[in-house]
Amino acid sequence: ITLAAVITAAGVVYALISLVNHYLFKTYALDLGLYTHAMYDYAHFRIDDCSMFKAAPRSILSDHFDLYLMLLSPLSYVFGTYTLLIVQIASVLLGGWGIYKLISLYTDDDWLPLVATTTFFFSFGVIHPFAFDYHSNVVATMMLPWLLYFLKQKRYALASLFVVLFVIGKENMSLWLFFIAIGLMWDYRKDKKALWHLTAYAVFAIAYFLVINMVVMPKLGSSGGGFSRYAHLGNNYADIAKNLLSQ
């Protein structure tokens, strides 16, 4: 009952920030407006051409390889321009529930998971995204507690499902997952089966990142692909890795 009350309170706070600001025309064109327009196109079996903010039309997937919008597009028939804001709120609430369940695996204390969840829900870093915008990174990040939860429970099929849901959120999420998987290998160093899965997740994540950024996005019209966002770190991905490791 207490957990349900905390989740409800967080949901009300998020709605009062996000949905009210949208009603008052205080939400942002990039990314919320652009993604809502793209989602409308997906719902009508079209690929958005970025004409809202690009002079030369090209696929929106060349700007960010975000597959969530395709999956969520049918909801736009129900919730209209509020769709992505509602999805963002729901994802954070589900992510908080995942944190509660994850912490519960590490302690018998009834209050510690609740304190962790409450701290998460009402921290500035979580509340801030609701102020004026939507980002698929937020939704994707909320998959992480569930990935860790199912990994800890050795339910690898469900963990693998959340790996896929994690990386399709945006092309840069797979790079983050690569480092997450590498880091988790130390925690699971004595569990051969978990190590095998984590190795597979790391290989899949870095392969997905490189293929999407170096092959798919350039083919769709991106000048320089996703690499252009990292060009200040080096002339190529090998150069970037060398520079990061040498710092």
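What you see is a predicted model, and the numbers here were worked out from it, not measured in a lab.
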State which residue, out of Leu184, Leu158, Val163, Leu165, fulfils the side chain to side chain contact (heavy atoms under 4.5 Å, CB included) condition with Leu147.
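So the option named by the test is Val163.
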Please walk me through it: do Trp97 and Thr117 pass side-chain contact (heavy atoms from CB on, under 4.5 Å)?
CA-CA 7 Å; Trp97 182 30; Thr117 304; over 6 Å; no
After noting the C-alpha distance and the side-chain angles of Leu94 and Met142, does the key distance pass the side-chain contact (heavy atoms from CB on, under 4.5 Å) rule?
CA-CA 7 Å; Leu94 289 171; Met142 295 305 110; over 6 Å; no
If Ile, Leu, Val, Met, Phe, Trp and Tyr residues are connected whenever their side-chain heavy atoms lie under 4.5 Å apart, and connections chain through other members, are [X] and [Y] in the same group?
X      : Y      : value
Val203 : Val164 : no
Leu71  : Tyr82  : yes
Met185 : Trp196 : no

Report yes if some heavy atom in the side chain of Tyr14 is under 4.5 Å from a heavy atom in the side chain of Gln88; otherwise report no.
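SC-SC contact between Tyr14 and Gln88 ruled out.
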Min side-chain heavy-atom separation Ile89-Ser18 under 4.5 Å
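Yes, close enough: below the 4.5 Å cut-off.
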Which atom pair, heavy atoms only, marks the closest approach of Ile47 to Met70?
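Distance-wise, the nearest heavy atoms are CD1-CE, 4.2 Å.
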Any idea which heavy atoms bring Met173 and Asn137 closest together, and the distance?
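Result for this residue pair: SD-ND2, 3.8 Å.
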For [X] and [Y], take the angle between the two ring planes, folded into 0 to 90°, and tell me which bin it lands in: parallel under 30, tilted 30 to 60, perpendicular over 60.
X      : Y      : value
Trp146 : Tyr149 : perpendicular
Tyr35  : Tyr134 : perpendicular
Tyr77  : His44  : tilted
His128 : Phe132 : perpendicular

Decide if atom OH of Tyr188 counts as having more than 12 heavy atoms of other residues, nucleotides or ligands within a radius under 6.0 Å.
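More than 12 within 6.0 Å, yes.
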Reported CZ-to-CD1 distance for the pair Phe122 and Ile127, which is rounded to 0.5 angstrom:
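The distance works out to 6.5 Å.
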Are the aromatic ring centres of Phe178 and Phe209 under 6.0 angstrom apart?
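Distance test on ring centres: not under 6.0 Å, no.
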Regarding Ser160 and Tyr201, is there a side-chain donor-to-acceptor distance under 3.5 Å anywhere?
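Yes, Tyr201 and Ser160 have a side-chain donor paired with an acceptor closer than 3.5 Å.
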